[in-house]
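What follows is a short report on a single structure.
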Amino acid sequence: MTIKLDKIFDSFSTNSIFNSKSVLQTNYTPETIPHRDKQIKQIAAILGPTLRLEKPSNLFIYGKTGTGKTLSMQYIQNELLKRAKEQSLPLTIEYINCKLKKIADTEYRILAELLKKMGFNVPSTGLPTDQIYQKFIDEIDKKRQLVIIVLDEVDQIVKKIDNNFLYNLTRLNAELKNAQISIVGISNDLQFLENIDPRIKSSLSEEEIVFPPYNAIQLQDILRERAEKAFKKEIIAEGVIEKCSAYAAREHGDARRALDLLRIAGEISEREGSQKVTLEFIDKAKEKIEKDKILDIISTQPKQFQLVLLSIIALTDKKRDKIYTGDIFDIYQNFCAQTTTEVLTQRRVGDIIAEFDMLGIINAKVISQGRYGRTREISLLIPPPLMDRTKEIIYNSLGLK
DNA sequence: CGAGATTCATGTGAAGTATACCTTTAGGCTTAA
DNA sequence: AAGCCTAAAGGTATACTTCACATGAATCTCGTA
């Protein structure tokens, strides 16, 4: 036992293969952004007029997750602010991530957050929305200045809040005498623009920039650069970077995914006391990521969903080759009785099954059996080694057995 | 024997309901002038 | 009178139910060869 512990502690202190693990973490901001020169130049060209105190066009940036949108934007934001400071220009750039629930899920909260970031005090609740608009306008308009508002994940706003919010924002300039506002929207939903009000579309996306996914080669460059800083010398085995990027490229060229893969591979090799990150660790990392994802999904499901899943698992265990919606519903009712839970209608259970299908936890195919009706044929997609953990999670959260 | 009707078990869609969670409003209480 | 707090009132998103109709191939029915 002592020997083992020593080994673990050793790997934590002296023998760590990491130089600085944070370089691989998602919130790390690298000094350079490879393969995004073109996009960065475009953005710079569009926002450039700010340095002459002219209002730049509204800008709309889109591209899938992990394509460097936010990173590039933040880079430009810093550069612009640096310049503005040197020349003492009245330029304000505010970045807001609309996905963060507590900060930005209503019109009011976004405005309040903006005001707070600009150093004005706003009550966190209580004021009517139009008053805070007025306050926002007043505060900005106090002096001659340019304000650029960066809205990350704008698609979330439209989903959660009124369409009009964006329209109002773009129209604010009409009410401002001294200041001017520009809006930069960032979205990873490519269809977002098509689904919004044409009026907003035309004013919000005066300029558009697309961030294409990275291809495998580009991912390799990114990974190499980060790996250099993150790991000590000679730690990464031949072909590891290539494999990592190949996996990530297959999943829409998501650089974040690639970095996660590399970091977790590093963590696993360290934990196992290996002095090198070899190819097999990449596979282990990939497996771990997938496992974690599944377990995370399962453990965060609501009670009813877990009951339905448990029914499917129970049926799979019984070695019935085909599982149908009706069978699930029968067993599900039993489980409800056991846990004194209200029984949902079969209609709803059908929808829940469809949602599990969407999540990739099960595979459900609608088939018609002629005379014997129409149903979903369902099979579980949880890998067998995970089954025990899965059951444990569900039993625990349902307080069963 | 084959075309068309029938049938089953559940898919699917629309509309309605219950609920929880917010925001907004209004009333009442406190406080400061 | 202004400020602040709280309870009630209104709004909205979510999770579900109810009702109604759609599906689609195995099976049945029945007319015809």
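Throughout, protein chains are lettered first and strands after them, A, B, ... in sequence-line order, and every chain is numbered starting at 1.
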Specify the separation, in whole Å, of atom [atom1] of [X] and atom [atom2] of [N].
X: A:Glu342; N: C:dC16; atom1: CD; atom2: C1'; value: 10 Å
X: A:Arg348; N: C:dA15; atom1: CZ; atom2: P; value: 7 Å
X: A:Ile323; N: B:dT10; atom1: CD1; atom2: P; value: 14 Å
X: A:Glu355; N: C:dT14; atom1: CD; atom2: P; value: 12 Å
X: A:Ile367; N: C:dA22; atom1: CD1; atom2: P; value: 22 Å
X: A:Gln346; N: C:dT18; atom1: CD; atom2: P; value: 13 Å
X: A:Gln369; N: C:dT27; atom1: CD; atom2: P; value: 10 Å
X: A:Asp327; N: B:dT10; atom1: CG; atom2: C1'; value: 12 Å

For [X], enumerate each residue passing the side-chain contact (heavy atoms from CB on, under 4.5 Å) test, keeping only those at least two apart in sequence or located in another chain.
X: A:Thr65; value: A:Asn188, A:Asp254
X: A:Gln346; value: A:Thr325, A:Phe329
X: A:Glu228; value: none
X: A:Gln220; value: A:Arg224, A:Ile241, A:Glu242, A:Ser245

Original post:
Got a donor-acceptor contact below 3.5 angstrom from the A:Arg36 side chain to the A:Thr67 backbone?
Top reply: yes
**OP:** Return yes if some donor-acceptor pair links the side-chain N/O of A:Ser88 with the main-chain N/O of A:Lys85 below 3.5 Å, else return no.
**Re:** no
Subject >> Under-4.0 Å side-chain N/O to phosphate OP1/OP2 contact, A:Ser368 with C:dT23 >> reply: no
Considering residues at least two apart in sequence or located in another chain, which fulfil the side-chain hydrogen bond (donor to acceptor under 3.5 Å, both in side chains) criterion with [X]?
X: A:Lys41; result: none
X: A:Thr70; result: A:Asp152
X: A:Gln87; result: none

Subject >> Basic-acidic side-chain contact under 4.0 Å: A:Lys243, A:Glu280 >> reply: no
Original post:
Hey, is A:Glu267 close enough to A:Lys288 for a salt bridge, meaning N to O under 4.0 Å?
Top reply: no
**OP:** Encode nucleotides 1-7 of chain B as B, S and - characters from 5' to 3', where the letter depends on protein heavy atoms closer than 4.0 Å: B to the base, S only to sugar-phosphate, - to neither.
**Re:** ------S
Original post:
Do you know which two heavy atoms are closest between A:Leu80 and A:Leu91, and how far apart they sit?
Top reply: O-CD2, 4.1 Å
Original post:
Which parts of residues 298-309 of chain A get close to DNA chain B, meaning a heavy atom less than 4.0 angstrom away?
Top reply: none
Original post:
A:Tyr247: what forms a ring pair (Phe, Tyr, Trp, His ring centres under 6.0 Å) with it, not counting sequence neighbours?
Top reply: none
At a cut-off of 3.5 Å, list every protein nitrogen or oxygen paired with a nitrogen or oxygen from nucleotides 17-20 of chain B, distance to 0.1 Å.
none

Subject >> Member of A:Asn363, A:Ile323, A:Ile353 meeting the side-chain contact (heavy atoms from CB on, under 4.5 Å) criterion with A:Arg376 >> reply: A:Ile353
Original post:
If you look at every strand shown and take non-hydrogen atoms under 4.0 Å, does A:Val343 touch a base, only sugar-phosphate, or nothing?
Top reply: sugar-phosphate
Pick out the pairs of N or O atoms, protein on one side and nucleotides 12-15 of chain B on the other, that lie under 3.5 Å.
residue	atom	partner	partner atom	Å
B:dT12	OP2	A:Arg376	NH2	2.9
B:dT12	O4	A:Arg347	NE	3.4
B:dG13	N7	A:Arg347	NH2	2.7
B:dG13	O6	A:Arg347	NE	2.6

